**Q** 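First the structure, then my questions, so here it is.
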Amino acid sequence: MMAMPHTLPVLALFALLFVLSNNGAEASHKIYPRLQTLSVENVNQVHRTGYHFQPLRNWINAPMYYKGLYHLFYQYNPKGAVWGNIVWAHSVSKDLINWESLEPAIYPSKWFDSYGCWSGSATILPNGEPVILYTGIADKNNSQIQNYAVPANLSDPYLREWVKPDDNPILNPDVSVNGSAFRDPTTAWWADGHWRILIGSRRNHVGVAYLYRSRDLKKWAKTKHPLHSVQGTGMWECPDFFPVSSFGENGLDPSVNGQNVKHALKVSLDLTRYEYYTLGTYDNKKEKYFPDVGLVDGWAGLRLDYGNFYASKTFFDPSTNRRILWGWANESDVVQQDTNKGWAGILLIPRKVWLDPSGKQLLQWPVVELEKLRGHNVQLSNQKLYQGDHAQVKGITVAQADVDVTFSFPSLDKAEPFDPKWAKLDALDVCAQKGSKAPGGLGPFGLLTLASKNLEEFTPVFFKVFKAADKHKVLLCSDARSSSLGKGLYKPSFAGFVDVDLTDKKLSLRSLIDHSVIESFGAGGRIAISSRVYPTIAVSEKAHLYVFNNGSETITVENLNAWSMNLPVMNVPIKDRVGENPRNE
């Protein structure tokens, strides 16, 4: 290798197939052989999202920027709406919003992946060639090995065809590694003359990120110790390791390290189906990652999203100098309903990610390109909300909308005491106890989304402020318990505490509402919560949107902007679009 190369990652494929139990390997996705190849003739559109990425039908479960195009690879079952028959599907875009579907990039075809092509990442070599590293399943014992693939034609910006060379596999687990819990290679980064990658694993109940080094991306050696490991966290899926700048919002190439740089390590926990991350220091001499003092390094740690959000991956976009995050949201209904409606799983809106000026957490916000889809706009300003009030937001299609609102309050005096017992609970338990309907002091206040006219169904997204011993604590909830009258649904109350300064006595909330998904960003991106919901009454034009307050403190809607969201162009050749969305208003 010559000078330090420029690296670009690809979003890791989302769905993972196995975890290791004390008794051996077991599936983390239920397998339904009868349904895996059940063809889908009619697709039910009632709860299908409008502006989120999902293929036309069937089951999905990562992006790279190359020659002016974003490449999204994702796990997809071309034969049915449940997990199985997984291939690396492939779509491309000029703007992260409008997508053209291509033929699958990778599918089982060689002995080293004959039983499955699982998650992976990509790296751009100094010669400009992208290389995909992915986990292959070589036998019925679920032996997980690492392989690579390269484009067949580098002059094709669409990268339509990929080749898996015969010198695969390039990395096998040694005797010290659990071979059926060894997957999801990260984007490679370059330091001290070597490429490095992480691979997720576990030793009994210890979550592990193994570190490997190579000079040529083909011959790899495991370092003496893992980059990082944590007792009691179980299998680490889809690890993501990347640098963030201590100043400003620009993203960094994966190989950047040194002064004014922190690193983030994110893992997906199969035990909880949540993710957590830490911020810290990467010492490439000692080959170790050291989380910052005071951060929780475990399942109760910081999360990128406190809701239905898993197997996420970031990538550096060199065209705009930003780091972008993608996450996957599964369905919250039952398998038979997925089969009946003909599709399952969505990708959430891509988000820009950067370090909070405090250095204590990451901030995130929907990519600016999403605003291209904004259509008709309505506004509210200086709207007073007294206890028990709910005011309707009219004039837009609220089932497919982007809502951005700032609330203010005259005082913090009515904030309820924070029960010390709650410190031992997850925030979602506090949300479930308090709810949106119960009268309070400073809150609950926020939005009633996807609401029916008589409020038989609604999904509240709301704040509640408490007074703790040393400071105020702000809770953001997205509570799906009242979201639907449907049967057999998973309707949790998701929540998280927001680290925010209340000196100005204001809280902001942005919610992206799209038929069966609500993505909410509180306090300027200091917290995000995604929920999947399936209303039976509040659908399409029968859905309503309200601002509400059930606290004794008067709340003012200082400013609310709400937009109907137009449909992006999906599965239409880019050459026919000229980069524009003809349906935008």
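Please read these numbers as outputs of a predicted model, since none were measured by experiment. In this chain, residues are counted from 1 in sequence order.
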**Q** Give, for atom CD1 of Ile529 and atom SG of Cys431, the distance between the pair rounded to the nearest 0.5 Å.
**A** 7.5 Å
**Q** Could you tell me whether Glu456 atom CD has more than 12 heavy atoms of other residues or ligands within 6.0 Å of it?
**A** yes
**Q** What residues, two or more places apart in sequence or in another chain, satisfy ring pair (Phe, Tyr, Trp, His ring centres under 6.0 Å) together with Tyr70?
**A** Tyr65
**Q** Walk me through it: do Arg322 and Glu249 pass the test side-chain contact (heavy atoms from CB on, under 4.5 Å)?
**A** CA-CA 7 Å; Arg322 59 185 171 170; Glu249 299 183 10; over 6 Å; no
**Q** Is Ser93 reaching over with its side chain to a backbone N or O of Asn98, donor-acceptor style, under 3.5 angstrom?
**A** yes
**Q** What salt bridge (charged side-chain N to carboxylate O under 4.0 Å, His left out) pairs are there with at least one residue in residues 544-568, not counting sequence neighbours?
**A** Lys506-Glu558
**Q** Checking Ser508 side chain against Gly524 main chain: does a donor-acceptor pair fall under 3.5 Å?
**A** yes
**Q** Check this for me, if you would: do Lys372 and Asp95 make a salt bridge, where the nitrogen-to-carboxylate-oxygen distance has to be below 4.0 angstrom?
**A** yes
**Q** Take Tyr306 and Ile527 through the side-chain contact (heavy atoms from CB on, under 4.5 Å) test and state the conclusion after the steps.
**A** CA-CA 8 Å; Tyr306 288 77; Ile527 186 172; 3.8 Å; yes
**Q** May I have the step-by-step check of ring-ring contact (aromatic ring centres under 6.0 Å, His included) for Phe466 and Trp422, ending in yes or no?
**A** CA-CA 11 Å; Phe466 299 94; Trp422 295 341; 5.2 Å; yes
**Q** I'd like to know whether Trp354 forms a side-chain contact (heavy atoms from CB on, under 4.5 Å) with Leu362, so could you lay out the CA-CA distance, the side-chain angles of the two residues, the decisive distance to 0.1 Å, and finally the verdict.
**A** CA-CA 6 Å; Trp354 69 100; Leu362 296 174; over 6 Å; no
**Q** What is the minimum heavy-atom distance between Gln387 and Pro439, and which atoms define it?
**A** NE2-CB, 3.5 Å
**Q** Taking C-beta and beyond as the side chain, do Tyr274 and Tyr310 meet within less than 4.5 Å on heavy atoms?
**A** no
**Q** State plainly whether the residues Lys467 and Glu416 are in salt-bridge range, i.e. N to O under 4.0 Å.
**A** no
**Q** Of all residues at least two apart in sequence or in a different chain, which pass the side chain to side chain donor-acceptor pair (under 3.5 Å) check with Gln379?
**A** Asn377, Asn561
**Q** Calculate, to the nearest 0.5 Å, the distance between atoms CG and CG belonging to Leu447 and Leu545 respectively.
**A** 6.0 Å
**Q** Assess whether side-chain hydrogen bond (donor to acceptor under 3.5 Å, both in side chains) is satisfied between Ser478 and Ser531, documenting all intermediate values.
**A** CA-CA 7 Å; Ser478 183; Ser531 296; 2.9 Å; yes
**Q** If you count every heavy atom of other residues, nucleotides or ligands that lies below 6.0 Å from Lys453 atom NZ, does the total exceed 12?
**A** no
**Q** Should Asp305 and Arg351 count as an ion pair when the cut-off is N to O under 4.0 Å?
**A** yes
**Q** To check you understand the geometry: which heavy-atom pair defines the closest contact between Ile396 and Ala401, and what is its length?
**A** CD1-CB, 4.0 Å
**Q** Determine whether Thr314 and Asp240 satisfy the following criterion, side-chain hydrogen bond (donor to acceptor under 3.5 Å, both in side chains), listing intermediate values before the conclusion.
**A** CA-CA 7 Å; Thr314 66; Asp240 194 11; 2.9 Å; yes
**Q** Check the pair Glu331 / Tyr490 against side-chain hydrogen bond (donor to acceptor under 3.5 Å, both in side chains), numbers first and verdict last.
**A** CA-CA 9 Å; Glu331 301 301 314; Tyr490 175 53; over 6 Å; no
**Q** Which distance, rounded to the nearest 0.5 Å, do you find between the NE2 of His52 and the CD1 of Ile97?
**A** 9.5 Å
**Q** Counting only heavy atoms not in Lys542, do more than 12 sit closer than 6.0 Å to its NZ atom?
**A** no
**Q** So for atom CH2, which belongs to Trp299, do other residues, nucleotides or ligands contribute more than 12 heavy atoms lying within a distance under 6.0 Å?
**A** no
**Q** Are any of the side-chain heavy atoms of Pro492 and Arg481 separated by less than 4.5 Å?
**A** no
**Q** Could you check whether any side-chain heavy atom of Glu457 comes within less than 4.5 Å of a side-chain heavy atom of Val533, counting everything from C-beta outward?
**A** no
**Q** If you apply the rule side-chain contact (heavy atoms from CB on, under 4.5 Å), what do you find for Leu412 with Leu442, and how did you get there?
**A** CA-CA 7 Å; Leu412 294 167; Leu442 185 45; 3.7 Å; yes
**Q** For a quick test of reading the model, state the closest non-hydrogen atom pair linking Leu72 to Trp99 and the distance between them.
**A** CB-CZ3, 3.5 Å
**Q** Which atoms form the tightest heavy-atom contact between Phe309 and Leu325, and what is the distance?
**A** CZ-CD2, 3.9 Å
**Q** Do His544 and Leu450 have side-chain heavy atoms sitting under 4.5 Å apart?
**A** no
**Q** Is the backbone N or O of Gly50 less than 3.5 Å from a side-chain atom of Asp514, with the two atoms forming a donor-acceptor pair by type?
**A** yes
**Q** State, yes or no, whether a side-chain contact exists between Asp479 and Phe462 at a heavy-atom distance under 4.5 Å.
**A** yes
**Q** Which atom pair, heavy atoms only, marks the closest approach of Phe548 to Pro444?
**A** CE1-O, 3.7 Å
**Q** Kindly say whether Leu304 contributes a backbone atom to a donor-acceptor pair with the side chain of Gln364 at under 3.5 angstrom?
**A** yes
**Q** Tell me every residue that passes ring pair (Phe, Tyr, Trp, His ring centres under 6.0 Å) with Phe497, counting only those two or more places apart in sequence or in another chain.
**A** Phe418
**Q** Has the side chain of His47 got a donor or acceptor atom that lies under 3.5 Å from a matching backbone atom of Pro535?
**A** yes
**Q** Any idea which heavy atoms bring Ala538 and Ser452 closest together, and the distance?
**A** CB-N, 3.5 Å
**Q** Let me know which of Arg510, Glu519, Lys352 forms a side chain to side chain contact (heavy atoms under 4.5 Å, CB included) with Pro366.
**A** Arg510
**Q** Does any part of the side chain of Leu448, heavy atoms only, come nearer than 4.5 Å to the side chain of Val461, both counted from C-beta?
**A** no
**Q** With no hydrogens and no angle check, is any side-chain donor or acceptor of Lys266 less than 3.5 Å from a backbone partner on Cys238?
**A** yes
**Q** Kindly indicate whether the side chain of Trp88, heavy atoms from C-beta on, has any atom under 4.5 Å from the side chain of Cys117.
**A** yes
**Q** Would you please test Ser564 and Gln400 for side-chain hydrogen bond (donor to acceptor under 3.5 Å, both in side chains) and show each step?
**A** CA-CA 6 Å; Ser564 296; Gln400 189 170 301; over 6 Å; no
**Q** Who pairs with His390 by ring pair (Phe, Tyr, Trp, His ring centres under 6.0 Å), at least two apart in sequence or on another chain?
**A** Tyr546
**Q** What I want to find out is whether Asp499 reaches Lys360 closely enough, with some N-O distance under 4.0 Å, to be called a salt bridge.
**A** no
**Q** Can you list everything that forms a ring pair (Phe, Tyr, Trp, His ring centres under 6.0 Å) with Phe407? Sequence neighbours excluded, please.
**A** Phe445
**Q** Given 3.5 Å as the limit, does a donor-acceptor pair link the side chain of Arg374 with the main chain of Glu371, or not?
**A** no
**Q** Should His90 and Val92 count as side-chain neighbours, where that means a heavy-atom distance under 4.5 Å?
**A** yes
**Q** Look at the side chain of Tyr51 and the backbone N and O of Ile513, then say whether any donor-acceptor pair between them is shorter than 3.5 Å.
**A** yes
**Q** Please step through salt bridge (Lys or Arg N to Asp or Glu O under 4.0 Å) for the pair Asp419 and Lys473, ending with a clear verdict.
**A** CA-CA 11 Å; Asp419 189 334; Lys473 295 180 73 73; over 6 Å; no
**Q** Is the backbone of Ser483 close enough, under 3.5 Å, to the side chain of Thr459 for a donor and an acceptor to pair up by distance?
**A** no
